[in-house]
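The structure appears below as structure tokens.
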Amino acid sequence: MTTLNEYLDSAGCSSELKELIGLISMQAVPIREAFINNQSYSGTENTSGDRQAALDVWSDEHITDALMRSGLVSEIASEEKPDIVRNPKAGTGFAVVMDPLDGSSLIQVNLCVGTIVGIYDNSNALSMGRDLKAAMYMLYGPMTVLTVSVGKGVYIFALKSGVYTLLDGPVKMPEGNLYGSGALKKDWTEKHSEFISAIEKDGGKLRYSGSFVADFHQILKYGGVYCYPATKDKPEGKLRLVYEANPIGFIAEQAGGLISDGKNDLLDIVPQKPDHKTPIYVGSRGIIKDLERIMK
Ligand code: AFP
């Protein structure tokens with residue numbers, strides 16, 4: 001059975017990148033243990049105005065602390081913090097972007113949530129997604145699973161007895177029929193409604209949990225599309241380019257899929273600020289191409 005370390009060696013990762021991916025992936029262990037004592041809301045909001053769950057705050061502080069102590073990272077941009085954290089003493093040029101706990105409204109109902117991370121090697125957390133050196137997410141489901149790409153395909157590992165071993169890969173996203181869309185239907189734009197109707201007519205099957213990372217994982221394996229569209233009142237949508245769209249988009253593209261705001265490939269957009277929001281459509285290549293035709 002190939003371990004995560006063996007895979008990263010075979011993919012030609014530098015020892016620093018391997019150490020960083022290893023360090024981040026192992027934070028799944030304490031985060032999973034922290035679920036039981038962090039079931040409530042913290043009473044605070046992040047910069048996007050989302051209510052922060054206690055586990056959002058705990059995971060953010062925990063991962064930030066581990067990254068700062070490692071001395072491997074010069075910039076950390078987290079969905080849960082208003083400002084980028086900088087470590088001028090870091091010996092490498094890594095910048096980390098993260099959503100420490102995505103899908104946090106599902107914590108109290110014990111549904112699947114995860115940690116999304118992107119890694120740049122240019123010391124700049126506000127870079128476009130295409131410049132990512134690596135992207136990964138840990139999913140806290142029945143198993144703890146790590147999905148990772150270092151720009152050489154997508155691989156999925158499962159955590160057992162403290163070691164990640166290969167479960168699947170290289171993963172190729174098929175042209176499947178799952179779809180899920182966020183935002184209230186009454187607020188959808190005409191074009192978005194047209195796109196969803198076309199999918200439904202083609203036999204699309206609805207799957208939407210409220211956890212982007214978990215919903216995307218299904219799309220990665222079975223194919224289809226996850227969307228959080230622009231709405232009549234919020235043309236910029238809800239999800240964040242830096243922490244959510246870019247790492248997931250990088251993985252989608254590495255698996256043969258695409259990510260778009262309806263018109264442009266999101267991986268080509270330079271973030272204007274840490275909490276830059278964007279409409280998101282991510283999934284199978286053919287469906288995203290159809291979407292862009294409808295949105296034109
Ligand atoms: P956070 O839990 O990190 O705030 O993210 C939640 C989220 O951005 C994404 O994971 C979901 O797909 C989406 O919001 C759910 O939003 P709705 O509750 O509006 O469907």
Side-chain angles (χ1 to χ4, degrees), residues 47-48 77 79 95 97-99 102 116-120 122 124-137 149 151 154 172-176 178-183 187-199 202 204 208 212-213 215-217 219-220 223-296:
T47 41
S48 302
E79 189 188 290
V97 294
M98 63 173 173
D99 181 349
D102 181 59
I116 306 174
V117 178
I119 300 174
Y120 295 95
N122 60 1
N124 182 7
L126 294 188
S127 300
M128 55 184 169
R130 193 157 307 290
D131 290 340
L132 279 161
K133 185 78 188 160
M136 58 200 277
Y137 58 81
S149 176
V154 176
K172 289 277 161 242
M173 191 189 290
E175 287 292 330
L178 299 186
Y179 78 98
S181 175
D187 297 327
W188 289 357
T189 62
E190 257 176 51
K191 293 276 188 196
H192 181 71
S193 300
E194 199 186 312
F195 170 60
I196 296 296
S197 298
I199 292 178
D202 268 7
Y208 185 83
F212 174 42
V213 66
D215 288 335
F216 171 74
H217 197 65
I219 301 292
L220 175 68
V225 63
Y226 168 96
C227 353
Y228 210 109
T231 54
K232 289 174 196 155
D233 55 334
K234 287 189 185 146
E236 74 287 3
K238 176 184 177 189
L239 271 65
R240 278 98 347 184
L241 178 65
V242 174
Y243 318 117
E244 291 165 309
N246 280 340
I248 295 289
F250 183 84
I251 289 171
E253 197 180 273
Q254 284 291 320
L258 288 172
I259 189 164
S260 172
D261 61 5
K263 293 188 176 121
N264 310 297
D265 189 326
L266 282 181
L267 295 181
D268 293 325
I269 293 177
V270 179
Q272 298 305 304
K273 51 182 181 170
D275 64 346
H276 182 139
K277 287 185 188 165
T278 179
I280 288 185
Y281 296 82
V282 61
S284 308
R285 184 164 283 267
I287 298 182
I288 302 295
K289 292 274 180 213
D290 289 346
L291 160 84
E292 289 182 341
R293 263 194 299 276
I294 290 175
M295 290 288 177
K296 248 179 208 157

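Keep in mind that this is a model prediction, so the values were computed, not measured. Heavy-atom basis, side chains included; hydrogens, waters and symmetry copies ignored.
When all heavy atoms of G176 and S284 are compared, the closest pair comes out as N-OG, 3.7 Å. Across W188 and S181, no two heavy atoms sit closer than the pair CZ2-OG, 3.5 Å. Shown here for R285 and G257, the closest heavy-atom pair between the two residues is NH2-O, 3.8 Å. The nearest pair of heavy atoms linking L220 to A255 is CD1-CB, 3.5 Å. Taking every heavy atom of both residues into account, S149 and I251 meet most closely at CB-CG1, 4.3 Å.
Under the 4.5 Å side-chain criterion, counting only non-hydrogen atoms from C-beta, E194 is not in contact with M295. The shortest side-chain heavy-atom distance between D187 and D233 falls under the 4.5 Å cut-off. Here the side chains of Y120 and N246 are in contact, with some heavy-atom distance below 4.5 Å. Side-chain contact between I287 and E175 is present, with heavy atoms from C-beta onward closer than 4.5 Å. P247 places none of its side-chain heavy atoms less than 4.5 Å from the side chain of Y137. Contact of the P274 side chain with the L126 side chain is registered, since non-hydrogen atoms from C-beta on lie closer than 4.5 Å. Contact annotation: the side chain of C227 approaches that of I196 to within less than 4.5 Å [non-hydrogen atoms, C-beta and beyond]. The closest side-chain heavy-atom distance from V213 to D99 is not below 4.5 Å.
No side-chain donor-acceptor contact under 3.5 Å links D202 to the backbone of G204.
The salt bridge (Lys or Arg N to Asp or Glu O under 4.0 Å) test applied to D290 returns R293, not counting sequence neighbours. Looking at residues two or more places apart in sequence or on another chain, you find a side chain to side chain contact (heavy atoms under 4.5 Å, CB included) between A77 and I84, V97, A125, Y243. For F195, the ring pair (Phe, Tyr, Trp, His ring centres under 6.0 Å) test picks out Y281, with sequence neighbours left out. Residues meeting the ring pair (Phe, Tyr, Trp, His ring centres under 6.0 Å) test with F212, sequence neighbours left out: Y226.
In this structure, the separation between CE on M173 and CG on L258 is 8.5 Å, given to the nearest 0.5 Å. Here the straight-line distance linking atom CD1 of I116 with atom CD1 of I248 works out to 4.5 Å at 0.5 Å rounding. Atom OG of S197 sits about 9.5 Å away from atom NE2 of H192, to the nearest 0.5 Å. Residue I119 holds its CD1 atom at 11.5 Å from CE of M98, rounded to the nearest 0.5 Å. Distance check: Y208 OH to L178 CG gives 14.5 Å after rounding to the nearest 0.5 Å.
When each of I288, I219, V282 is checked for a side chain to side chain contact (heavy atoms under 4.5 Å, CB included) with V225, only I288 meets the rule.
Taking a 6.0 Å sphere around NZ of K234, one finds it holds 12 or fewer heavy atoms contributed by other residues, nucleotides or ligands.
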_Could you go through E253 and D265, starting from their C-alpha distance and side-chain angles, then the distance that decides it, and tell me whether this counts as side-chain contact (heavy atoms from CB on, under 4.5 Å)?_
CA-CA 10 Å; E253 197 180 273; D265 189 326; 3.6 Å; yes
*asked:* Using the rule given for side-chain contact (heavy atoms from CB on, under 4.5 Å), can you reason through L266 versus I280, listing the C-alpha separation, both sets of side-chain angles and the distance that settles it, and then say yes or no?
replied: CA-CA 8 Å; L266 282 181; I280 288 185; 4.0 Å; yes
Enumerate, atom names and distances included, each donor-acceptor pair closer than 3.5 Å involving a side-chain atom of residues 235-242, sequence neighbours excluded.
from : atom 1 : to   : atom 2 : distance (Å)
R240 : NE     : E244 : OE1    : 3.0
R240 : NH1    : S48  : OG     : 3.1
R240 : NH1    : D50  : OD2    : 2.6
R240 : NH2    : E244 : OE1    : 3.3
R240 : NH2    : E244 : OE2    : 3.4

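Within the structure, side-chain hydrogen bond (donor to acceptor under 3.5 Å, both in side chains) pairs that include any residue of residues 266-279 comprise R130-D268 (at least two apart or interchain).
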